[in-house]
Amino acid sequence: MSRKSSWRNRLSFYLLAIGSACGLGNLWRFPYIVGENGGGAFLLLYVFLAFTVGLTLLIAELMIGHFTGVSILKASKRVALQYKRPIHLFGWLSVFISAVTLAYYSVICGWVLHYLTQFLLSLFQAQPISYLSQTSMMTLYQNSWLQFLLASVHLLISIVIVVKGFAEGVERWIASILPLFGILVIILLVKSLSLDSTPDVLRFLFYPDFSKLTWASIGHAVGHVFFTLSLGFGTMVTFGSYFKKDEKLPVIGFRVTFVDTLISILAVLLIFPIAFSSSKKPLTDPSLLFEVLPQFLAREKGGVFFGLIFFLCLWLAALNASIGLLETVTANLVEKKPELKRSLSAWIAGFFILGLTVIPAFSGTLFKSFKVHGQGFIETMDSFLINGLLPIAGLGMVIIALLSLTEADRKKLFVQDASPTSYNMYTHWRFALKWVVPIVILLGLGFQLFEFVSY
Ligand code: PHE
């Protein structure tokens, strides 16, 4: 059965799209980004942008894939040929971002693996896990080879899964255990919300103080919306190219956005009470999740067990996202070079990405003194990639969605029933795609650039 024809039932598509969206972006990146941007007001801005800019673009990316039946590189090439404009550069940008992001993502997945093994070891050792929170992150930061090794293990597992053609099965299997992860997060959430710091956290998160927002926060929120919903990478285009006719794109888009946003909010509610109770202030560092959670688990009964299952589930969710990214790069390579076998393409893409992981893995030692406006290498790379390049790729998606489909095509794919509400929604979506998304992206980029030069 070919991969395309096997995308039979809709549930399986949901599992895959949600599986790609939910990952480290929700549990690791979102909490410290909210912390960095001052809490409640940013959260509100983020949710608003997720359901306007994010949802609009998610539907558009699925539509491009569904209509053209190809990945982003080929779709952009067609538009470029038709309009005689270099629009294929956007396609290349998306593939480039996917490759670099996977390299960077693998290093963070390596951190997860490190904690997973530490929890596993503490099952057999007398050492208290409070020891973990203090020393593990330091060990990682100072040991680039260890980071590289862990990232390589993670990436190799992803490569083998894609090469062997197990990607769909594994993705579906992991996605189907995600609800279990959700239950675990809720159990931990209840425990963390019983801490004394909860009232302060709720005030911080749900009593928005707009004076804490800067103009550049718009750019940070847009970047994260794209990252967490897997937009701008071409992943959703590839997914869209797989599923069968008559899919309800707006409904799929809405559900994926809803679940992803819900998980991000749960993550913040889980992490912040612990962070507040330990330092009275939410940390704004990428190590937030990794330092705070073991600290908390050390005090809880059965903490080792919870920690073990938590980091295992987190790693599986991240593995799912990694497979999606590698699949995107591989699918584009196969379409570009059809003479290469799919498995060979996956090896080539995988090893190229493995080479790239050297840069983030060694950032703590080789680029130790690297600082841009007080930020270290990893944070600078993260901002440049996710808040800078990704929205530009998103702009490319808007252009491709507008040029590769005619108005009638778009309308047909969007409007399922002939009800006036559907037509109304279509008009809103088209307006958002044509105007709101590009304007917000450009404003976000502009404000960040302004902040950067006037620092
Ligand atoms: N959305 C994923 C996350 O939040 C990251 C990702 C991006 C996965 C692009 C696949 C493709 O962790």
Side-chain angles (χ1 to χ4, degrees), residues 14-34 46 50 54-55 57-58 61-62 65 71-72 93-112 154-155 158 161-162 167-168 170-171 174-175 178 181-182 185 220-242 253 256-268 286 289 313-332 349-350 353 360 382 385-387 389-391 393-394 397:
Y14 279 122
L15 286 181
L16 290 160
I18 290 175
S20 160
C22 298
L24 291 175
N26 309 68
L27 281 133
W28 159 70
R29 195 173 188 271
F30 190 59
Y32 82 81
I33 295 291
V34 172
Y46 169 81
L55 177 57
L57 204 63
L58 178 53
E61 284 201 24
L62 293 173
S71 296
I72 190 60
L93 178 65
S94 289
V95 179
F96 170 77
I97 294 175
S98 298
V100 180
T101 302
L102 182 51
Y104 166 54
Y105 205 76
S106 297
V107 172
I108 314 295
C109 291
W111 295 6
V112 180
H154 173 82
L155 201 52
S158 316
I161 292 171
V162 174
E168 190 185 342
V170 174
E171 281 172 315
I174 294 178
L178 278 182
F181 189 24
V185 169
H220 302 167
V222 170
H224 190 76
V225 165
F226 281 24
F227 180 68
T228 189
L229 289 175
S230 312
L231 300 173
F233 297 89
T235 307
M236 291 298 175
V237 176
T238 306
F239 280 177
S241 75
Y242 291 146
V256 174
T257 309
F258 180 80
V259 173
D260 188 79
T261 308
L262 185 68
I263 295 182
S264 294
I265 293 176
L266 293 182
V268 173
L289 168 75
C313 290
L314 184 61
W315 178 67
L316 286 173
L319 179 67
N320 209 1
S322 308
I323 296 171
L325 276 169
L326 186 59
E327 279 262 303
T328 310
V329 181
T330 308
N332 279 295
I353 293 164
D382 178 288
L385 197 67
I386 295 172
N387 299 341
L389 289 186
L390 200 52
M397 295 291 174

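All ligand and atom numbering here is 1-based and tracks the order in the structure.
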Do Tyr46 and Val222 have side chains that get closer than 4.5 Å, going by heavy atoms? no

With the criterion set at N/O pairs under 3.5 Å, what does the list of contacts between the protein and ligand 1 look like, atom names and distances included?
residue  : atom   : partner : partner atom : Å
ligand 1 : 1 (N)  : Ser20   : O            : 3.1
ligand 1 : 1 (N)  : Ala21   : O            : 3.1
ligand 1 : 1 (N)  : Phe227  : O            : 2.9
ligand 1 : 1 (N)  : Thr228  : O            : 3.0
ligand 1 : 1 (N)  : Ser230  : OG           : 3.1
ligand 1 : 4 (O)  : Ala21   : O            : 2.9
ligand 1 : 4 (O)  : Gly25   : N            : 3.3
ligand 1 : 12 (O) : Leu24   : N            : 3.1
ligand 1 : 12 (O) : Gly25   : N            : 2.8
ligand 1 : 12 (O) : Tyr105  : OH           : 2.7

Just by distance, do the side chain of Asp260 and the backbone of Val256 share a donor-acceptor pair under 3.5 Å? no

Under 4.5 Å between any side-chain heavy atoms of Leu24 and Cys109, yes or no? yes

Taking side chain as C-beta onward, heavy atoms only, is Phe181 less than 4.5 Å from Leu27? yes

Pairs flagged by side-chain hydrogen bond (donor to acceptor under 3.5 Å, both in side chains) wherever residues 96-107 is involved - sequence neighbours left out: Tyr104-Asp382

So which of Val162, Ile161, Asn332 actually passes side chain to side chain contact (heavy atoms under 4.5 Å, CB included) with Glu327? Val162

